[in-house]
Structure formats: C-alpha cells, structure tokens
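Working notes for the structure below.
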Amino acid sequence: MRDLVPGDRGVLVQYVQLALSRAGFPVTIDGIFGEKTCTGLKEFFSSGQECKIGSTQWEMLLPYLKGYQTYRVQEGDTLWSVAAHMRSTVQRLTTANPMVDPANLSAGTVLFVPFDFPLVSQEVAYSSYITDWILEGLLVRYPFLHEEPVGKSVMGRNLTVISIGEGKKQVFYNAAFHANEWITTPVLLKFAEDYAEAFSRGQQVAGVPASWLYYGFHLSLLALVNPDGVDLVNGVLDDNETRYLNQAQQIAARYPDIPFPQGWKANIDGIDLNLQFPAGWEQAKEIKYAQGYETPAPRDYVGEAPLTAPESRAVYDYTRANDFSLILAYHTQGEVIYWKYLDYEPDHSYRIARYFQEVSGYAVEETPGASGYAGYKDWFIQEYNRPGYTIEAGLGINPLQMDQFAKIYEDNIGILTGGMTQLY
C-alpha cells in the first residue's frame with residue numbers, strides 16, 4: 001500500500017482514521033490527512049516520530065482494521081483477565097478459540113483476541129484492501145466460517161468466497177460486478193457478520209433463528225467480484241500499478257461523456273463483467289455496439305467473447321461447481337428487483353420476488369430490453385431454471401456514498417434472509 005503524508009486525501013486516509021478511531025484516538029473520518037489526524041497518529045505511536053504512514057505504521061494499524069490481535073498466554077492469565085486487558089470479551093474469545101478450555105488456560109498458548117467492536121465499518125469507502133482485511137477478521141472471529149479462493153482478477157487480486165452453514169440447500173449471493181457499485185460489497189460483508197454473530201450467540205438475524213438458517217442452508221458470499229475496478233474508482237491503486245491506471249485513463253479518454261473514474265463500471269481491461277455470460281451474449285453485443293461500445297470502455301463493452309474476463313469466468317466456474325437453489329446478484333441503483341430472463345419463469349421465482357418486494361419496499365420488474373441479456377442472473381436462470389435475482393439497491397447516481405448504507409442494509413436484510421427462508 002502507498003505511503004501517506006500530511007496533505008494526502010482519499011480512501012486510504014479514511015482507513016488510517018478508522019483505525020485510529022477504533023484504537024481510542026478519535027479523529028474525524030473525512031479522508032483528509034490534516035493536523036488532527038497527525039496528532040492522533042503521534043499519540044497512537046507514543047513517540048516523536050515523523051507524522052507519516054509507511055509500511056511499519058500500516059502494520060501497527062492493521063489489527064484495528066482486521067479487528068483482532070494475537071496474545072500469548074502468561075502464567076496466571078484467565079480469559080477474563082485477557083479480555084479485560086485487551087478490549088475484548090470472554091464471549092468473543094471463546095468463539096474465536098473453540099479449542100481452548102477456559103478453565104485450563106495454558107501458558108504459552110496463542111489466542112486470537114477479537115476487539116469488541118463491529119468489524120464492518122459503515123463510515124469508509126470500500127476497496128479490495130479493506131474487503132480482504134474484513135474477510136480475514138471474520139474468519140478469525142467466527143471459525144465456523146469457511147473461505148474458498150475461486151479465482152483472480154486481471155491484476156491478480158484474489159476473488160474469495162466465504163460460506164456459512166451446514167445445510168443441504170445451497171444459496172449464492174454476490175456483489176460489485178460493477179466497479180462504481182462498490183457499496184454492495186459492505187452489504188454482503190455486514191450480513192455475513194450479523195449472521196455469524198447471531199449464530200455464535202444463539203440469537204436471531206432479521207427475526208429468523210440463525211441456527212435454523214445455519215443447519216438448513218449453505219450460504220456462499222462473493223462480496224467483491226470486480227476488485228480492480230473498485231480500486232480504480234476509489235483511488236487506491238498502488239504505486240506499482242500505474243500501468244493499469246494509465247490503461248484505464250486511455251480507455252476513458254475515448255468516452256469523454258463518462259466521468260472518470262466515477263463512471264467506471266468495467267473491470268480494469270474495460271470489459272463489463274455483467275455482460276459476459278452465455279445467455280443472449282450476441283444480442284447484448286448487437287445492442288451495445290449500436291450504442292457505441294465496440295471497444296474496451298468504462299461501461300457496457302461485452303468483450304470479444306463470453307467469459308473472456310477472468311472475474312466473470314470465476315463466477316461462472318464457481319456456479320457450475322456447485323448446486324445453487326437460488327442466487328442474488330447485488331447492483332445499484334433504483335430500488336428494483338429483476339426476476340426474469342426472457343420467458344423463463346422458474347418455479348416459485350415470482351412468489352419469492354413478491355416476498356422480496358414486501359420486505360424491502362423495492363419494485364418487482366422485468367429487466368429492460370436494452371439490459372436484458374448476458375448478465376449473470378440471466379445465465380443462471382437459463383442454465384438451471386431456478387430463481388435468480390438482480391437487486392438494484394439504493395437511489396441516486398453511482399457511486400452511491402456510505403451515507404446511504406444504513407438504509408440500503410435495512411431495506412435488504414429481509415431479502416438476504418429471505419433468499420434462504422423462502423425456498424421452503
């Protein structure tokens with residue numbers, strides 16, 4: 001990650017400010033590396049060092065972004081004393097360390113110690129960095145979660161699925177096919193955290209017993225399909241990735257009416273990942289070429305053939321390797337639920353869509369013709385004749401900002417649980 005100095009602005013500065021705030025040095029999370037952030041850093045590091053962020057400083061801040069640290073047990077320690085000393089709780093310690101006997105804590109044992117704050121922030125913009133940190137933190141906090149690498153992006157970023165549950169019915173949710181729709185990523189991450197926390201405590205999530213979901217279903221979540229594009233939109237490409245930034249700038253220059261980088265939807269190669277699936281791809285090509293998208297573009301370029309983008313191919317292969325009863329693909333914006341592909345109407349799909357409408361307030365509609373081909377939802381319905389939905393969350397102009405997140409999540413929590421409960 002890039003070094004930061006006073007005067008810098010952007011999403012990486014937000015992450016520094018989030019870490020400081022969680023560590024007990026309250027600063028405004030505004031993305032501006034100003035005097036108050038500098039003061040917080042000096043207090044955090046307890047030294048007279050220069051006010052800057054390099055690799056050493058990032059390493060010291062990362063536990064507060066991953067949400068945990070490790071601790072080697074000393075003679076006389078108990079879980080209660082460790083929790084009190086390290087800003088955790090006994091419940092979090094026992095969940096994160098299921099093999100440890102609380103009554104027989106052995107000196108030398110290394111514990112995972114989750115901090116006692118929610119891991120998924122509602123205050124910062126998202127990128128592949130914070131997504132990976134949160135995924136690591138979730139797996140530590142809730143070891144009954146599982147991770148599975150399913151592919152890599154053009155730039156080599158990992159595409160990682162996390163799954164929860166031991167049931168036979170498989171369900172798959174994904175988000176952020178489109179770069180400037182990154183706010184859908186924390187929607188899925190927060191649902192994973194809320195569900196896992198409720199299960200660990202024997203509680204409910206959105207009024208549904210988490211244990212019932214856990215033992216009835218196997219839920220897979222791919223929270224970030226397009227990490228390179230999201231990092232481009234949010235300005236966190238690393239210094240050694242300037243050639244990709246230059247490539248994107250050259251592509252964008254051919255489409256001056258699309259604001260850069262805010263209007264970027266594609267992957268880093270200029271391919272729209274949700275126009276890559278073998279379900280009417282030729283029709284999509286004809287439509288998008290007629291609109292002027294015949295070459296790599298910030299949006300709406302279908303690629304040279306289906307599944308040529310590694311990110312789309314990874315989603316396709318992962319779906320083919322499993323037996324999903326239902327899928328949700330999260331996008332923004334419009335507060336709309338799209339449920340059909342052509343004349344396919346899988347059993348129960350409209351009933352489930354109407355349920356989603358009731359719990360969210362979103363409209364149920366058929367996909368507009370100009371956007372009705374080659375999407376992931378389209379291919380899933382065509383291939384399996386099972387319920388598949390595109391959820392267009394929130395309202396406004398993409399990228400939606402985090403001040404919408406609380407409402408988006410509240411509107412969608414019933415859909416996220418209903419994607420499982422409504423299969424009965």
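Nothing fancy with the numbering, it's 1 onward along the sequence. Any value given below was found using the heavy atoms of this structure, including those in side chains, with hydrogens, waters and symmetry copies removed.
- Judged as a side-chain hydrogen bond (donor to acceptor under 3.5 Å, both in side chains), and not counting sequence neighbours, the contacts of Tyr318 are Ser220.
- Counted by atom type alone, Asp228 and Ser153 present one or more donor-acceptor pairs between their side chains at under 3.5 Å.
- Side chains of Asn322 and His218: no donor on one and acceptor on the other come within 3.5 Å.
- Looking at every heavy atom in both residues, Val150 comes nearest to Ala314 through O-CB, 3.5 Å.
- With sequence neighbours excluded, the residues satisfying side-chain contact (heavy atoms from CB on, under 4.5 Å) with Arg9 are Ile32.
- Between the side chains of Gln17 and Ser21, no donor-acceptor pair of N or O atoms lies under 3.5 Å.
- Of the N and O atoms on the side chains of Asp323 and Gln170, not one donor lies less than 3.5 Å from an acceptor on the other residue.
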Could you please spell out the steps behind the ring-ring contact (aromatic ring centres under 6.0 Å, His included) verdict for Phe277 and Phe380?
CA-CA 9 Å; Phe277 291 86; Phe380 180 82; over 10 Å; no
Going through the distances and angles, do Lys377 and Thr367 end up as a side chain to side chain donor-acceptor pair (under 3.5 Å)?
CA-CA 10 Å; Lys377 175 266 293 179; Thr367 310; 2.9 Å; yes
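- For Ile164, the side-chain contact (heavy atoms from CB on, under 4.5 Å) partners at least two apart in sequence or on another chain are Phe144, Leu145, Tyr195, Ala196, Tyr214, Leu219.
- Partners of Thr308 by side-chain hydrogen bond (donor to acceptor under 3.5 Å, both in side chains), not counting sequence neighbours, listed by chain and number: Gln276.
- Remark: the Glu392 side chain and the His331 side chain contain no N/O donor-acceptor pair separated by less than 3.5 Å.
- For Phe356 and Tyr389, the ring centers are positioned less than 6.0 Å apart.
- The cationic group of Lys169 does not satisfy the cation-pi geometry with Phe217, failing either the under 6.0 Å distance to the six-membered ring centre or the 45° limit from the ring axis.
- For the residue pair Asn412 / Tyr330, a side-chain donor-acceptor distance below 3.5 Å is found, with atom types taken as modelled.
- Ring-plane geometry between Phe44 and Tyr64 is classed as perpendicular, the angle between the planes exceeding 60 degrees on a 0 to 90 degree scale with a lower cut at 30.
- Looking at Asn398 and Gln262, their side chains never bring a donor and an acceptor atom within 3.5 Å of each other.
- Between the side chains of Asn267 and Glu311, a donor-acceptor pair is found at a separation under 3.5 Å.
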Residues 134-143, side-chain donor-acceptor partners within the protein, below 3.5 Å, at least two apart:
from	atom 1	to	atom 2	distance (Å)
Glu136	OE1	Lys66	NZ	3.2
Glu136	OE2	Lys66	NZ	3.4
Glu136	OE2	Tyr68	OH	2.5
Arg141	NH1	Phe117	O	2.9
Arg141	NH2	Gly67	O	3.3
Arg141	NH2	Phe115	O	2.9
Arg141	NH2	Phe117	O	2.9
Tyr142	OH	Glu197	OE1	2.5

Distance-only donor-acceptor pairs under 3.5 Å for side chains of residues 416-424, two or more places apart:
from	atom 1	to	atom 2	distance (Å)
Thr417	OG1	Ile413	O	3.1
Thr417	OG1	Gly414	O	3.3
Gln422	OE1	Arg351	NH1	3.2

